[in-house]
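One structure below.
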Number of protein chains: 2
Amino acid sequence: MKPVTLKDIAEQLNISVTTVSKALKDYPDVSKKTRGLVRELAKTLNYKPNTFAVNLRTKESKTIGLVIPVIVHHFFSNVIKGIISQAEKKGYLVIILQSNESYELEKKQIDLLLSQRVDGLIISIANGTADFNHLNEVIAQEKPIVMFDKIAKLVKCSKIIIDDRKAAYTATQHLIDIGCKRIAHFRGALLPQNSIDRFLGYKQALIDNNMPYDPTLVYICELGDKSFEEGKQNARQLLQDHDDVDGIFINTDLVAIGAMTEFKALGVKIPEDIKIVGFSNWFMSSVISPTLTTIDQPGYKMGKTAFKQLFKEMNAIKNKKPKKPKIITLETELIKRESTKS
Amino acid sequence: MKPVTLKDIAEQLNISVTTVSKALKDYPDVSKKTRGLVRELAKTLNYKPNTFAVNLRTKESKTIGLVIPVIVHHFFSNVIKGIISQAEKKGYLVIILQSNESYELEKKQIDLLLSQRVDGLIISIANGTADFNHLNEVIAQEKPIVMFDKIAKLVKCSKIIIDDRKAAYTATQHLIDIGCKRIAHFRGALLPQNSIDRFLGYKQALIDNNMPYDPTLVYICELGDKSFEEGKQNARQLLQDHDDVDGIFINTDLVAIGAMTEFKALGVKIPEDIKIVGFSNWFMSSVISPTLTTIDQPGYKMGKTAFKQLFKEMNAIKNKKPKKPKIITLETELIKRESTKS
DNA sequence: AAACATCCCGAAAACGTTTTCGGTAAAAAC
DNA sequence: GTTTTTACCGAAAACGTTTTCGGGATGTTT
């Protein structure tokens, strides 16, 4: 009933534990004959090495930690899938924790993962995070850490991102190209780098096209669990504040969908009255009515890339050849749909 | 640079490792004074117990495994969130793997988790799974396992489910109540219990209302990654086969949304020409047009309940008082929306 | 003063693996 | 026939923790 150990195999074959271990790990100093015997018996007894012991001995867990702001989220669940699939290929398992966009929780989760002694960390930081000591501590411990999407510019680690600024610029330019004269922006929270960058891209596009930048046209969403509601609220507010807006670039599809729902309810026609561009290309955006123009953000690929990079760094550290951080930028694409039909 | 161990603390205080360990774990046979000293030093040195050693010694990992068919999925990501949040409260971490609806992969993933020596398993079985030996083996190893949603009736373990049959009955009855005379059903794959039960509920409702059951009105979807496409295909096929259908009960919202998209493209009006009820209450269903009537399936709660049950069983096994399996049925609710407006 | 209980501490074994280092025997070289 | 190489094996230490058990000191009861 008890799990089979090296000792059990050794005793049955009348050889030492050492030899059994070596036989199973293809050490050169064990004869073909005994290697064969060990292999065979191990198989019939269904021997599985005790991970706890292996971990203790080798000081690695073949496990990585993943901290994300939200789990029920199209983009993030794609990232999760990408990370897990890639990790599996390399024999790593993934422990997932959620920060819920809170700095305190994020800190706690990272602590938890470190005390579990994961071999590496992948993280997309919370909206609430402005202080990065908890992240720098990870690096100080020589644990590799890779950030994706929502990164902290000041932390020296590898990052997998998109060019948010460029993508936002493209989105806004698209609105301008199809004739919008007064374009609003629903931005994300104030702290996250990507929401800053998307805002800057929006602003730059206006300036480059000789259109005035009007701060009152910029609305803030905290995102998190209530994105949809925020979209509705901002849409209502926008109509009250400015009746001349004919285009909006919105930080996230879910917010955009909330806004569209509200506009529809209030009798504002899309795209006739207001044209809308979202961000992320949630699946939903292709099935709602009207379908939503958006920026495709490659979540699955981002996850895969993040793990690949982490894997390289974990190996580099094992071989005492730590690498310098790398920033990988993945391509995005403007997906034109009905919400910006001219 | 190296992590602090009990030994380090012991040496600095000139006491034994034993005493340090006991002091930190509130053993009664250590004086208040030394306990205080140990505690203090542990804190200043930022001592974190080495999980690998603890695991090896205690034979538990405080980690559970979760195997689900798909990750990028509204229902399942809600379950994930529920499990993780509850596990965290009890000091457990969660390792997630995806079976991709494949029996082979499911088997492999379970093996992986067992060799990682997780303390328990939560699983929703794949469409492709017809043989349950891999699950019975887990039970034979005295590892608790809890199934949810897609269960195997024949495996003796706890299960968290909804009453699929009743829910499907309610959904179909609703279509009948609003005047549908000829109701089709897009069912799930042939093997999964819940897709069987939903089909049976549909059939029963017809019979109880003296409506003929017509097998040619039942279409099969394999689900998995291509649910949306299957919905479209089946919708097209249905129109060819039967031009008199005025209502459809569909196994999953995503398939229903695919069908609605196709109907819209083909000029079939919903709910005027055909009324539709989905299943699961994906968020999407409340924002598409027309909004989709569906059965709300409490994913988050299911996840929480599943972990709670697993937790009980893990403790029971630790205390050598194994419990008998429990089947917990959660309530569902019919959410009436535009797709069945009469 | 002897007997007993109480309080505190530490030695040692155990969990199962990996890896270093020596050692013995047989084969090869001189 | 002696030395050197090669092939194979095992003892032992180590990873860091937990827990059992015994024992010494101090205090309390006869």
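Below, chains carry the letters A, B, ... as their sequence lines are ordered, and counting in each starts from 1. Predicted, not measured: the structure shown is a model, and the values here were computed from it.
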Practice task
Determine which pairs satisfy ring-ring contact (aromatic ring centres under 6.0 Å, His included) with at least one residue from residues 104-142 of chain A, sequence neighbours left out, and list them in order.
Solution key: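 Sorted result for residues 104-142 of chain A: A/Y103-A/H134.
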
Taking [atom1] from [X] and [atom2] from [N], how many angstroms apart are they, rounded to a whole number?
X     : N      : atom1 : atom2 : answer
B/E11 : C/dG10 : CD    : C1'   : 15 Å
A/L13 : D/dC8  : CG    : P     : 17 Å
B/K7  : D/dT17 : NZ    : C1'   : 13 Å
B/L56 : D/dG16 : CG    : C1'   : 9 Å
B/D26 : C/dC8  : CG    : C1'   : 15 Å
B/L24 : D/dT19 : CG    : C1'   : 15 Å
B/N55 : C/dT17 : CG    : P     : 15 Å
A/K59 : D/dC15 : NZ    : C1'   : 5 Å

Practice task
Answer yes or no: is there a side-chain heavy-atom contact under 4.5 Å between A/L121 and A/K143?
Solution key: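 Side-chain contact under 4.5 Å: no.
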
Handout entry: DNA chain D contacts made by residues 32-48 of chain B, counting heavy atoms under 4.0 Å
Key =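 Only B/Y47 qualify.
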
For nucleotides 4-7 of chain D, tabulate all protein N/O to nucleotide N/O atom pairs closer than 3.5 Å, reporting atom names and distance.
none

Exercise for the section: Apply the test side chain to side chain contact (heavy atoms under 4.5 Å, CB included) to residues A/I162 and A/M302: give CA-CA distance (whole Å), side-chain angles for both, the deciding distance (0.1 Å), then the verdict. Expected result: CA-CA 9 Å; A/I162 57 171; A/M302 246 173 156; 4.1 Å; yes

Handout entry: Residues, nucleotides or ligands: over 12 heavy atoms within 6.0 Å of A/K159 NZ
Key = yes

Problem - Enclosure of A/K301 NZ (heavy-atom neighbours >12, cutoff 6.0 Å) - result: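 Count not over threshold, so no.
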
Practice task
Over 60° means perpendicular and under 30° means parallel, so classify the ring planes of A/F76 and A/H73, tilted if in between.
Solution key: tilted

Pairs of donor and acceptor atoms involving the side chains of residues 87-94 of chain A, under 3.5 Å and at least two apart or interchain, shall be tabulated with distances.
from, atom 1, to, atom 2, distance (Å)
A/E88, OE1, B/Q109, NE2, 3.4
A/E88, OE2, B/K108, NZ, 3.3
A/E88, OE2, B/Q109, NE2, 3.2

Problem - Salt-bridge present (B/E101, B/K150; N to O < 4.0 Å) - result: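 Looking at B/K150 together with B/E101, the answer is yes, because their closest N to O distance falls below 4.0 Å.
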
Exercise for the section: Working to the nearest 0.5 Å, report the span between CD of B/Q309 and SG of B/C157. Expected result: 10.0 Å

Problem - Per B/Y27 side chain, nearest of listed nucleotides D/dG16, D/dT19, C/dT17 - result: D/dT19

Exercise for the section: Begin with the C-alpha distance, continue with both residues' side-chain angles, and end with the deciding distance and a verdict on side chain to side chain contact (heavy atoms under 4.5 Å, CB included) for A/D149 and A/V79. Expected result: CA-CA 10 Å; A/D149 193 46; A/V79 175; over 6 Å; no

Problem - Toward the 5' end of DNA chain C, by each residue's nearest nucleotide, B/A53 or A/K25 - result: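 It is B/A53 whose nearest nucleotide is closer to the 5' end.
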
Can you give me the N/O atom pairs linking the protein to nucleotides 10-13 of chain D at distances under 3.5 Å, or say none if there are none?
from, atom 1, to, atom 2, distance (Å)
D/dG10, OP2, A/S16, N, 3.1
D/dG10, OP2, A/S16, OG, 3.3
D/dG10, OP2, A/T19, OG1, 2.8
D/dG10, O6, A/K22, NZ, 2.5
D/dA11, N7, A/T18, OG1, 3.3
D/dA11, N6, A/T18, OG1, 3.1
D/dA12, N6, A/T18, OG1, 3.1

Exercise for the section: Sequence neighbours left out, what passes salt bridge (Lys or Arg N to Asp or Glu O under 4.0 Å) with B/R35? Give chain and number order. Expected result: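 B/R35 satisfies salt bridge (Lys or Arg N to Asp or Glu O under 4.0 Å) with B/D26 only.
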
